[in-house]
Amino acid sequence: GLGDVYKRQEEYIESLSSNELKIKADEQRLEAMVRQQLKEEFPNIEKSSSYDLLVDAVIHNYKSKQLQATDGAEID
């Protein structure tokens, strides 16, 4: 199915790129997503002096939750 195609593509991309590049790209995507969402929820928040701190905090929380979710789970 489509999921298999997507998974094969992912594996192919992963085999091409080093893990570090992939992590950096994921982090940039995550940061862009967080910034976008904050702007939608709080108009003009990007003008606030604490905006970057807020973005960092949200990303940190997200990563912590992700780590907890994958902790102990074997990646096949």
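Basis for what follows: all heavy atoms, side chains included, without hydrogens, waters or symmetry-related copies.
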Worksheet item: Under 6.0 Å from the CD atom of Gln37, do we count more than 12 heavy atoms belonging to anything else shown?
Response: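 Atom CD in Gln37 is not crowded, with 12 or fewer foreign heavy atoms closer than 6.0 Å.
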Which ILVMFWY residues can you reach from [X] by hopping between side chains whose heavy atoms are under 4.5 Å apart?
{"X": "Val34", "answer": "Leu30, Met33, Leu38, Phe42, Ile45, Tyr51, Leu54, Val55, Val58, Ile59, Tyr62"}
{"X": "Tyr6", "answer": "none"}
{"X": "Leu2", "answer": "none"}

With sequence neighbours excluded, what pairs up with [X] under the side chain to side chain donor-acceptor pair (under 3.5 Å) test?
{"X": "Lys65", "value": "none"}
{"X": "Ser50", "value": "Ser48"}
{"X": "Glu27", "value": "Lys63"}

Worksheet entry | side chain to side chain contact (heavy atoms under 4.5 Å, CB included) partners of Asp4, counting only residues at least two apart |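 By the side chain to side chain contact (heavy atoms under 4.5 Å, CB included) rule, Asp4 matches Arg8.
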Worksheet item: Which salt bridge (Lys or Arg N to Asp or Glu O under 4.0 Å) pairs, counting each pair once, include a residue from residues 30-41, with sequence neighbours left out?
Response: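 Applying salt bridge (Lys or Arg N to Asp or Glu O under 4.0 Å) to every pair that reaches into residues 30-41, excluding sequence neighbours, yields Glu31-Arg35, Arg35-Asp52.
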